[in-house]
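Accompanying notes for the structure given below.
Predicted, not measured: the structure shown is a model, and the values here were computed from it. In what follows, chains are A, B, ... by sequence order, proteins preceding strands, each numbered from 1.
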Protein chains: 2
Amino acid sequence: MADKAEAVRRGIPTLEEVATRAGVSRATVSRVVNGHPTVRPEAVESVNRAIDELGYVPNRAARSLASNRTQAIALVVPETAARIFADPFFASVVQGVATTLNDTDYTLTMLIGSENNAAKTRRYLLGGNVDGAIVISHHTGDHSYKDLGQVLPVVFGGRPLGDSPGAVVVDVDNVDGASRAVTHLIGRGCRHIAAISGPQDMRPGVDRRLGWQEALLMAGLTPGPEVVGDFSTESGLAAARRLLELDPTVDGLFAANDQMAMGALQALREAGLHVPDDVAVVGYDDSFFSSTIEPPLTTMRQPMIAMGSELATTLVALIEGRPVDPVTLLRAKLVVRASA
Amino acid sequence: MADKAEAVRRGIPTLEEVATRAGVSRATVSRVVNGHPTVRPEAVESVNRAIDELGYVPNRAARSLASNRTQAIALVVPETAARIFADPFFASVVQGVATTLNDTDYTLTMLIGSENNAAKTRRYLLGGNVDGAIVISHHTGDHSYKDLGQVLPVVFGGRPLGDSPGAVVVDVDNVDGASRAVTHLIGRGCRHIAAISGPQDMRPGVDRRLGWQEALLMAGLTPGPEVVGDFSTESGLAAARRLLELDPTVDGLFAANDQMAMGALQALREAGLHVPDDVAVVGYDDSFFSSTIEPPLTTMRQPMIAMGSELATTLVALIEGRPVDPVTLLRAKLVVRASA
DNA sequence: TTGTACGCGTTATCAG
DNA sequence: CTGATAACGCGTACAA
């Protein structure tokens, strides 16, 4: 106890000091520390004791220099998401990555990839400062770092629209999620199910639209009217009004995100329609306001922490040369509240 | 252009290669790289050109090993806040720290200080892996890392209740914030201002209570009734009911956080009282739901990004031996909405 | 199974 | 102002 405290106070001992204390060579200590198998048990014992008594901690820099590995991985967050953390999306992913990495020997260094330092970021990544990188790109098809994967182990969070050749990706399954959302509507008895889709130049936009169609198809129903919005509340409001004009018999509505669903709720209220009795509504994302609006919104929640976790384990596997799925898709979770 | 790309492809060149190409010694290159003043201009020129042509990037590990500095700082987030990032508080602080550090030569490594790895975290911090650390502790008086400051440059985000000797701290000024919130109520014409306080074993709890009293005192008003809650919505609901019993003439209400304010809103509604006409309500924190509830809540917004930023610059100053204020207090911002 | 010796890329000391 | 050269702490062929 006292010894250890003392050791710390004096500064971290070196591998060499451990060696002399254990009565072996530095090489042997190194072997023990790195779990090399070919060491006599007694030696292992003696070394470990010395390590304990001295409070030895390997010097990261020296180790990195000698082994040419860093035991560090970078989390790159494109500035496009400056508001990043305001967005629970990113916040949760970061949390997932951080906690998962905490159980490994890897260290997490955060990089905000802003305009003025994009080059700096690249240099950092390529400069041998990390063993690999996680790049999370929001809905936007940001591919500033697309080519990075050829030089450094990289795992991407979220897929851009165009398929990236040979890139390792972890993403949420928007097709499946939307499909299940709509299936919930069907299960509720809805037969005329309309959609407010998202922009068709973003992956989630097209995928969720696909899911809507897919579910309807599988149930043998014909898709109701569809209007494309831009993920904003206003567009949702406008879209819902238009939808009601197009087909007054609509009894179910799938909105590609909660913002638009919220707008739609207002339109339905204006039209004197009751939710969910006249029209059932389901959104997507489980945004922060979704549980507090009237009526509370049924929606799909994205497994963001799990995504972070998956990103981390996948990257570590990649770095360590273990086989890795090129694409991992995560399932969203249906959250049933009052609107459907 | 092509040279540079080629250089990258071949792997990062070493300082030595730059030296031979520039026709000087490694020592000189090192001096130039580190902005050492005593180098002949022509030499500087020549070295810089070589660096540029070769696409040289200093090796972090080697530099760290030789200089005994890491150019890295740790951000320690106690697991107590496992939900951490769900909490916009932490998310924004992290963002502030990350972006600010991005403009320096320091790297940010994130540590989640969980139970099972508290020792590991300490070892990491003490093991010479970072030049300094930022420890953010939420409302809770977590002082697991209180003593760290004596061994390593550390800046704390948020003050524990008991004063920490010699610790460098950045915090929000809750007394001032609460005072200004109440002053807003007074300015609105309220004369019987009650309070729903937070737990008195947390710093924000006592400080906000203090601010409430202070503002009243300065305005020559006598404090209305007070009930202590636990920062939950339910406690706010109960507290407000009790308050109304204690003094039906209350025309202003200060809640120590938005959760409790939200509960209070419900109690007032039940009592048939109109907000803000009968009773004006102001909360604290500007929680995510505060703008969407009915009526939208007037509240104090904490400058969390600024706090992160301040934490970063303070730590860097500390590390580099520049003078530093032991305590930095940040002002909250009054956000006026419909409730007051 | 263990030890020797060299190298990793920089910084820093000290002559020159 | 500049150039040798010795650390820095560790990994690892190679030899024993």
Discussion item. Test your reading of the model: is there a side-chain donor-acceptor pair from B/Thr100 to the backbone of B/Val97, 3.5 Å cut-off?
Written reply: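 Side chain of B/Thr100 to backbone of B/Val97, a donor-acceptor pair under 3.5 Å: no, none is there.
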
Worksheet item: Within the side chain of B/Ser30, is there an N or O that forms a donor-acceptor pair under 3.5 Å with the backbone of B/Arg26?
Response: no

Discussion item. What's A/Val24 touching, base or sugar-phosphate or nothing? Going by heavy atoms closer than 4.0 Å.
Written reply: sugar-phosphate

Practice prompt. Check the surroundings of atom CG in A/Asn34: do more than 12 heavy atoms from other residues, nucleotides or ligands lie under 6.0 Å from it?
Written response: yes

Which value, rounded to the nearest 0.5 Å, describes the distance between [X] atom [atom1] and [Y] atom [atom2]?
X: B/Arg21; Y: B/Arg49; atom1: CZ; atom2: CZ; result: 9.0 Å
X: A/Asp131; Y: A/Ser64; atom1: CG; atom2: OG; result: 7.5 Å
X: A/Ile305; Y: A/Ser92; atom1: CD1; atom2: OG; result: 5.0 Å
X: B/Leu65; Y: A/Arg63; atom1: CG; atom2: CZ; result: 13.0 Å

Worksheet item: Think B/Ser25 has a side-chain N or O under 4.0 angstrom from the OP1 or OP2 of D/dG3?
Response: yes

Discussion item. Please report the distance, rounded to the nearest Å, between NE2 in B/His36 and P in D/dC1.
Written reply: 10 Å

Item to complete: Enter the inter-axis angle for the ends of the helix from C/dT1-D/dA16 to C/dG16-D/dC1 (five pairs per end, rounded to 10°).
Response: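 Rounded value for the end-axis angle: 30°.
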
Worksheet, complete the sentence: Its contact letters, B for base, S for sugar-phosphate only and - for none at protein heavy atoms under 4.0 Å, make nucleotides 8-16 of chain D read BBBBBB---

Worksheet entry | Side-chain heavy atoms of A/Thr107 within contact of A/Arg60, under 4.5 Å | yes

